[in-house]
*Asks:* 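Structure provided below as structure tokens; questions to follow.
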Amino acid sequence: MFQGAGVFVLVILAVVVFYLVRAIRMVPQGYMYTVERFGKYTKTLMPGLNLIVPFIDGIGYKQNMMERVLPVPSQEVITKDNALVTVDGVAFFQVMDAAKASYEINNLDNAILNMVMTQIRTVMGSMELDHLLSQRDEINHKLLGSVDQATQTWGVKMTRIEIKDITPPRDLVESMGRQMKAERDKRAVILEAEGARGSAILKAEGEKQAIVLKAEGEREAAYRAAEARERAAEAEAKATAMVSEAIAKGNVQAINYFVANNYVKALEAIAASPNQKILMLPLDATSILGSIGGIAQIAKEAFGDGPTGQGSLPSAGRKPPTVPRG
């Protein structure tokens with residue numbers, strides 16, 4: 001009798017342990033489990049230790065809640081201008097609601113892949129080839145917006161969609177290469193023409209500036225020369241006035257200075273003539289000097305002798321001096 005009771009207890013303990021094992025569910029980090037009771041969704045188990053009702057509740061789906069990468073295989077797309085290109089890419093998404101991802105769509109990865117491929121054909125088919133090749137960021141942005149909106153009902157968040165390669169046909173690539181070469185040749189010719197134009201403009205500006213500076217220099221030189229002549233004329237007038245005043249006072253040396261100075265100036269003017277290689281004196285120099293001495297003598301007779309060579313002016317009754325002829 002005691003042996004039968006012991007076996008019964010052991011059976012009870014085994015059943016209890018079995019129930020505990022069936023009731024405890026350990027969910028790893030990054031995953032969520034859905035719980036079904038008699039085949040109907042009841043709750044979602046979070047990461048960590050969880051308890052369910054044995055034999056009544058069961059684990060439905062195990063959803064990976066981490067961000068996942070979905071490669072998009074190559075496919076052919078016809079652009080708006082009827083160019084056939086081959087396109088592939090990659091999509092990144094994350095399950096945000098484990099229940100929706102489990103029960104709103106069958107085969108979530110395949111559904112997202114087909115959605116992305118369909119949107120690639122729609123978006124890229126509405127663009128011309130040149131725009132398609134140069135606006136890849138715009139294509140990625142349009143694809144992300146459209147696919148993310150379509151997959152919200154599945155409890156999925158699309159994080160990124162990137163177009164990897166866009167490959168036009170070989171003949172189209174060759175045409176694009178020739179077009180690119182022609183464009184670069186055109187730019188080179190334009191740049192060379194602009195360089196020549198700039199060089200000519202700079203040269204003309206330099207010549208203009210040189211002419212202006214030369215004219216300003218000549219004007220300044222003429223102004224200075226005129227000023228110098230004015231100063232010389234003033235000095236000459238002042239000297240003439242002083243000599244005239246001295247002559248008026250009977251200074252014989254002033255007369256000598258006046259006559260000799262004019263004679264020397266006349267000789268300088270004759271010598272400075274550009275065509276005058278040989279100086280022909282119109283008069284004998286010694287005669288001129290003698291004339292100067294004669295003039296001085298006349299002045300002495302006219303004004304009288306004095307200790308300093310100065311004399312009084314001839315009075316009204318005085319006989320005017322006679323100039324010897326010859």
Side-chain angles (χ1 to χ4, degrees), residues 81 127-138 173-296 299 309-310:
D81 51 352
M127 303 170 68
E128 295 183 351
L129 180 60
D130 292 340
H131 194 197
L132 193 73
L133 298 175
S134 60
Q135 302 296 330
R136 187 168 299 190
D137 291 339
E138 180 182 351
V173 173
E174 294 175 356
S175 299
M176 293 171 63
R178 291 195 299 272
Q179 180 182 1
M180 182 181 65
K181 184 176 182 302
E183 288 290 337
R184 292 187 180 278
D185 292 341
K186 175 184 175 182
R187 291 173 55 188
V189 172
I190 292 175
L191 289 177
E192 290 178 355
E194 290 180 352
R197 175 174 172 270
S199 176
I201 291 174
L202 290 177
K203 184 177 179 180
E205 289 289 340
E207 293 176 350
K208 174 185 175 182
Q209 188 173 4
I211 293 173
V212 171
L213 291 177
K214 182 179 178 181
E216 290 180 352
E218 291 176 354
R219 185 184 65 178
E220 182 67 20
Y223 173 78
R224 295 297 176 86
E227 186 177 21
R229 288 195 299 271
E230 181 180 356
R231 296 290 186 271
E234 291 178 358
E236 183 67 21
K238 185 175 181 181
T240 302
M242 292 176 63
V243 171
S244 299
E245 184 179 0
I247 293 173
K249 292 180 180 178
N251 190 338
V252 177
Q253 297 299 329
I255 297 174
N256 293 337
Y257 168 78
F258 182 76
V259 174
N261 188 32
N262 289 336
Y263 180 74
V264 172
K265 287 183 178 178
L267 293 179
E268 288 178 354
I270 295 172
S273 176
N275 298 326
Q276 191 68 31
K277 302 301 181 184
I278 299 175
L279 179 62
M280 301 296 292
L281 295 177
L283 297 173
D284 188 5
T286 56
S287 299
I288 295 301
L289 295 176
S291 299
I292 294 174
I295 293 171
Q310 297 179 351

*Asks:* Enter the distance from K186:NZ to I190:CD1 here, rounded to the nearest 0.5 Å.
*Replies:* 5.0 Å
*Asks:* Rounded to the nearest 0.5 Å, how far does NZ of K203 lie from CD1 of I201?
*Replies:*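 So the CD1 of I201 and the NZ of K203 are separated by 13.5 Å.
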*Asks:* Find the distance between CE (M127) and CG (L133) and round it off to the nearest 0.5 Å.
*Replies:*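 Atom-to-atom, M127:CE and L133:CG are 9.5 Å apart.
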*Asks:* Does CD belonging to E216 count more than 12 external heavy atoms closer than 6.0 Å?
*Replies:*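 Enclosed: over 12 neighbouring heavy atoms sit under 6.0 Å from CD of E216.
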*Asks:* Take E220 and R224 through the salt bridge (charged side-chain N to carboxylate O under 4.0 Å, His left out) test and state the conclusion after the steps.
*Replies:* CA-CA 6 Å; E220 182 67 20; R224 295 297 176 86; 2.9 Å; yes
*Asks:* Calculate, to the nearest 0.5 Å, the distance between atoms CZ and CD belonging to R229 and E236 respectively.
*Replies:* 15.0 Å
*Asks:* Which atoms form the tightest heavy-atom contact between D81 and E128, and what is the distance?
*Replies:*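 Here D81 and E128 meet closest at OD1-CA, 3.7 Å.
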*Asks:* From K238 NZ over to R231 CZ, what is the distance, rounded to the nearest 0.5 angstrom?
*Replies:*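 The NZ atom of K238 sits 12.5 Å away from the CZ atom of R231.
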*Asks:* Is there a side-chain contact between M176 and M180 (heavy atoms, below 4.5 Å)?
*Replies:*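 With C-beta onward as the side chain, the pair stays apart.
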